[in-house]
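For reference, the structure discussed in these notes is given below.
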Amino acid sequence: MKYFYINNKKYKLSSNIHSIIAYCENLGITIPHFCYHKKLSIAGNCRMCLIEVKNSPKPIVACSMSVTNKMEIYTDSPLVKKARENVIEFLLLNHPLDCPVCDQGGECDLQDQAFYFGSTQKRFYNYKRIVTNKNLGVLIKTVMTRCIHCTRCVRFSNEIAGTSELGVFGRGMTSEIGTYLNKNFSSELSGNVIDICPVGALTSKPYPFVKRSWELKVVKSFDFTDSFGINILIYLKDNLIVKVLSNSNIDSQDFQNYWLSDKTRFSFNGMFSPERITETFLVFKKSIIKKTWKNLIKELVLNIYFYDQLKKHLFKKFHITLLINTEISFEIMLILIGLKKQYNFIQIRKLDTYKIKTNLESSFTTNSINDIKFNDFCCLLNVNLRYENSYFNIKLRQRYLKGNFKVLTLGSNFNNTYPFKTLGFNINLLKNIAEGNNTICQEIITARKPLVVLGSSLFNRNDTYGITNTLDLLKKIKPILALNTLNVSLTESTISYITKLKEYSSIDYNMSSVLYLININLKTSKLNNLIKVKLLHYYNKNIVFKKIMIQQNNSFFLNNYFKVMKEYDSYIFYNLPNKVFFEESAIMLTNEGILKKKIKIVKNNNTIEKSNWSLIRNFFNILSKINFLNDINKYKKVVCLYKKFRSNLHILKIFYFPKKTKFIFDSYLKVNDPLMISQQKYSKKKTPILKTKGYFWIEDFFIGGKDSYSKLSTIMIKCSKKLRITSTNFML
Ligand code: SF4
Ligand code: FES
C-alpha cells in the first residue's frame with residue numbers, strides 16, 4: 001500500500017488526487033492560497049501555499065507539487081509559518097490599506113491571511129506602486145492597485161470563457177492585468193471574475209458599497225433565465241437582492257455548473273424596477289380608474305356576467321380565452337386545466353405553440369447531458385448554444401478541450417468559444433444526412449457515442465414532423481445516438497409535459513369576449529400584430545361593445561403603459577398586478593426533467609400584488625359566482641372539483657422530483673385525477689423538410705431571452721448596448 005504523512009499522520013495515497021493542496025483540502029487541513037482554484041489550471045505564482053517536505057532544502061508550493069509515496073509533509077511547522085509571513089509581507093508591500101472602503105472586505109482572502117500571518121510592524125517605507133484602473137465593462141469595477149497578480153481572472157478568461165481577453169502585461173514591478181487594446185471584457189460569463197478574484201481588485205460595478213458579507217442573508221433558489229434552472233444562492237440585504245452566486249458544490253462533477261452567466265447574476269434587478277405597476281385599476285375609454293381589489297373583482301364579475309347574457313341574447317357563443325406564454329409554473333398549469341375542465345366556454349391558448357410529440361419525453365427534455373464526457377461527436381441543430389444556454393456551452397467546451405470531440409452545426413452561423421464545423425444553413429441537409437448522401441454520415445456512423453442537440457424553436461416550423469421523423473430515422477440507423485431538445489425557457493418543459501395547447505389565432509380573437517393574459521407583455525409583437533389587425537376590423541364594423549382584457553402581469557411598465565392603452569382602446573382593461581419570480585413559491589419542470597420548487601425569497605408586505613396562484617384561484621371563485629347561461633357543463637357531471645384539486649396538492653410539495661419517479665406522478669394524474677388533458681397520440685404525419693434556413697430565436701444574449709425580466713433590467717440593457725457598440729459602426 002502506498003502512503004504518505006501529513007503532520008506525522010499516515011494517510012493512504014490515492015490515484016485520483018494529485019496535488020498536495022487537494023489532498024489537504026480533502027482531509028480538512030487548510031492550506032492558505034490565492035492563485036489555486038479547483039476549477040482552473042495550476043499557476044503556482046502567489047507562493048502562499050508553501051509547505052515543508054522532509055529532506056527538501058526549501059519550502060515547497062503545495063498546489064503544484066504532487067504527493068509521492070512515503071512523502072512527509074508539514075503544514076504548520078515554524079518554517080512554514082515564517083515563509084507565509086514573508087509572502088504576506090511581500091504581497092502587502094504594494095497593496096493599499098483600504099479595507100474599510102473595499103467591497104471585498106469581510107470576504108477577502110488577503111484580509112483573512114493578513115489577519116493570521118500579517119506583521120504589525122512595517123519594514124518598507126517606499127511609495128506603493130500606482131496602477132491605473134481598467135474599464136472591463138458594465139459589470140466589473142476595477143481597483144488595480146489591489147491586484148496581487150494571482151492570474152485567476154486571466155486563466156478564467158482563457159480556460160472557461162474561451163475569449164482570452166484578459167492578460168498580464170509588463171514584468172516584475174510593472175506587471176498589470178488588463179484587456180488587450182483596452183477593450184471591454186465581453187464574455188457572457190465575465191461576472192465570474194468578481195467571485196474568483198481573491199482580493200478587491202475586481203468587484204461588482206452595479207452594486208458598489210451596498211453590502212458587507214456579514215450583513216447578508218442567504219437563500220437557495222434557481223435561475224429563471226434559461227431552461228435548466230441552475231441552482232443559485234440569493235444574497236439579501238434588508239429584503240433586497242444584492243448578489244447572486246452559484247449554489248453548485250465546487251467539487252461536484254454533475255451538470256450543475258459552478259460558473260454563472262452574467263444574465264443569471266445581474267438580471268434580477270428587472271423584477272424590482274420602480275416603474276413596475278403595482279396597482280389595481282381598470283381602463284375604460286382611455287381613462288384609468290383606480291379600484292381596490294374588492295371593487296375591481298366586483299366590477300369584473302358584473303362585466304363577465306353581462307357578456308355572457310349578451311352573447312346568449314345574440315345567439316352567439318360566449319368564450320373566455322386564457323392566454324399563456326412561457327412564464328408559468330406547474331401548479332398554475334394544472335389549475336388552468338382544471339378551469340377548462342369545469343367550464344366548457346374556457347379555452348387555453350399559447351402565444352407560440354410548438355408542433356411537438358407531447359407523449360415522448362425526448363421531445364422536450366435533455367436526456368444525456370450528464371454523459372457528455374462519454375460523447376465523442378456532437379451535432380447542434382439550429383441552436384446558438386452560447387446565447388441560449390451558456391451552462392451547456394461551457395460543458396461542451398470543457399469536453400472539447402479534453403480532446404477527441406467533434407462539433408458540427410446545422411443552421412445559422414454564430415460566434416462560439418470553441419471551434420466547430422458548419423454543415424450549412426439549410427435544415428433540409430438533415431434529410432441528406434439521414435439518406436446517407438453527405439460526407440458527414442460516415443463520421444456519425446463511426447462515432448462511438450454521438451449526441452444531437454435540437455433547438456426547440458425548430459418545433460415552430462411547418463416542417464417539424466419532417467424533422468423529427470428524420471431524426472427518428474437517424475436514431476434507427478444509429479441506436480446509440482442521443483437526442484436532446486434544448487428548450488427556450490424554464491417553463492417550456494412544464495407546458496409540453498402537461499398538455500398540448502393550440503396557438504392563439506384570429507379565430508380565438510373573434511370568438512372570445514374575455515381575454516385573460518397570464519404573464520404576457522402587451523408589447524409582444526405577435527399579440528400586438530394580431531390584435532392591431534383585428535382592431536381595424538373592429539372600427540370598420542363599428543361594434544358597440546368592448547371586449548374584456550384581464551392582464552395578470554408584473555413586467556408591464558409605466559413608460560409603455562399609455563402608448564399601449566391607446567392601441568388597446570377596444571378593450572375594458574383590468575390590471576391585476578402579480579408577484580415576480582422571487583416573490584412567490586412555485587414548482588417548475590426543468591429541461592433535464594427535474595421538478596424543482598422555489599420558495600418565496602423577497603417578502604414585500606406593503607405591496608398589493610398577489611401571487612399568480614391566488615389570482616387564478618380568485619378568477620375561479622369569480623366564475624363560480626356567476627350562473628352562466630352558456631355553461632353546458634352545468635347540466636353534466638362536473639369533472640373537476642376544486643376541493644379535490646386542493647386536497648391533491650400534497651403531491652406537489654416535493655422539493656426535487658427525480659426524473660425516474662416522474663412516471664409515478666404522471667400515472668397518478670392520469671389514473672386518479674381528472675385534471676390531465678389526454679395527451680396527443682404519436683404523430684406520424686409525413687411532411688417534407690423545407691429548404692429553408694434555420695434561424696435562431698435569440699439575437700441578443702442580454703435582453704433577447706424568453707424570460708420577462710432580463711429585458712427590463714437596466715444592467716442588462718447597458719450590457720447589451722455596450723456589446724452592440726463594439727460590434728457596429730453606427731453610433732447608438
Ligand atoms: S485582478 Fe484579481 S483575479 Fe485577477 S490577477 Fe489580480 S488579484 Fe488575481
Ligand atoms: S496557491 Fe500555490 S502558489 Fe498560489
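For the numbers below, each heavy atom of this structure counts, side chains included, while hydrogens, waters and symmetry mates do not. Just so you know, ligand 1 is whichever comes first in the structure, and atom 1 is the first atom listed for that ligand.
If you number the atoms of ligand 2 from 1 as listed, the ones under 4.0 Å from a heavy atom of Y36 come out as 1 (S). Of all atoms in ligand 1, listed by their number and element, those nearer than 4.0 Å to a heavy atom of V199 are 7 (S). In summary, the atoms of ligand 2 found under 4.0 Å from a heavy atom of C49, numbered by their order in the structure, are 1 (S), 2 (Fe), 3 (S). Close contacts of ligand 2 with C46, meaning ligand atoms under 4.0 Å from a residue heavy atom, involve 1 (S), 3 (S), 4 (Fe). Of all the atoms in ligand 1, the ones that sit under 4.0 Å from a non-hydrogen atom of I177 are 5 (S). Each of the following atoms of ligand 1 lies closer than 4.0 Å to a heavy atom of L202: 1 (S). For ligand 2, the atoms sitting less than 4.0 Å from at least one non-hydrogen atom of C63 are 1 (S), 2 (Fe), 3 (S), numbered in the order shown with element in parentheses. Annotation for ligand 2: atoms under 4.0 Å from non-hydrogen atoms of N45 are 3 (S).
Atoms NZ and CG, on K406 and L451 in that order, are 15.5 Å from each other to the nearest 0.5 Å. The CD1 atom of I703 sits 11.0 Å away from atom NZ of K721, with the distance rounded to the nearest 0.5 Å. K263 contributes atom NZ, which lies 8.5 Å from atom CG of D700 (distance to the nearest 0.5 angstrom). With rounding to the nearest 0.5 angstrom, the OG1 atom of T30 is 8.0 Å from the CD atom of E25.
The nearest heavy-atom contact from the protein to atom 5 (S) of ligand 1 is T151 N, 3.2 Å. At the top of the distance list for atom 6 (Fe) of ligand 1, counting protein heavy atoms only, stands C147 SG, 2.3 Å. When hydrogens are left out, the protein atom nearest atom 4 (Fe) of ligand 1 is C153 SG, 2.3 Å; that is the closest non-hydrogen contact. Ranking the protein heavy atoms by distance from atom 3 (S) of ligand 2 puts R47 N, 3.2 Å first.
Contact annotation: C150 places an N, O or S atom under 2.8 Å from atom 8 (Fe) of ligand 1. Taking backbone and side chain together, C197 holds no N, O or S atom under 2.8 Å from atom 6 (Fe) of ligand 1.
With a 4.0 Å cut-off on non-hydrogen atoms, I21 does not touch ligand 2 at all.
Remark: the Y418 side chain and the N393 side chain contain an N/O donor-acceptor pair separated by less than 3.5 Å. Counting only N and O atoms by type, the side chains of T142 and N133 include no donor and acceptor under 3.5 Å apart.
Nearest heavy-atom pair, F702 versus M716, reported as atom, atom and distance to 0.1 Å: CB-O, 3.6 Å.
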Apply salt bridge (charged side-chain N to carboxylate O under 4.0 Å, His left out) to E176 and K134, showing your working. CA-CA 10 Å; E176 283 185 32; K134 310 289 181 302; 2.8 Å; yes
Are N269 and S713 close enough, and set up right, to give a side-chain hydrogen bond (donor to acceptor under 3.5 Å, both in side chains), and what steps lead you there? CA-CA 5 Å; N269 87 328; S713 155; 2.5 Å; yes
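Not one N or O on the side chain of K706 forms a donor-acceptor pair closer than 3.5 Å with the backbone of S227.
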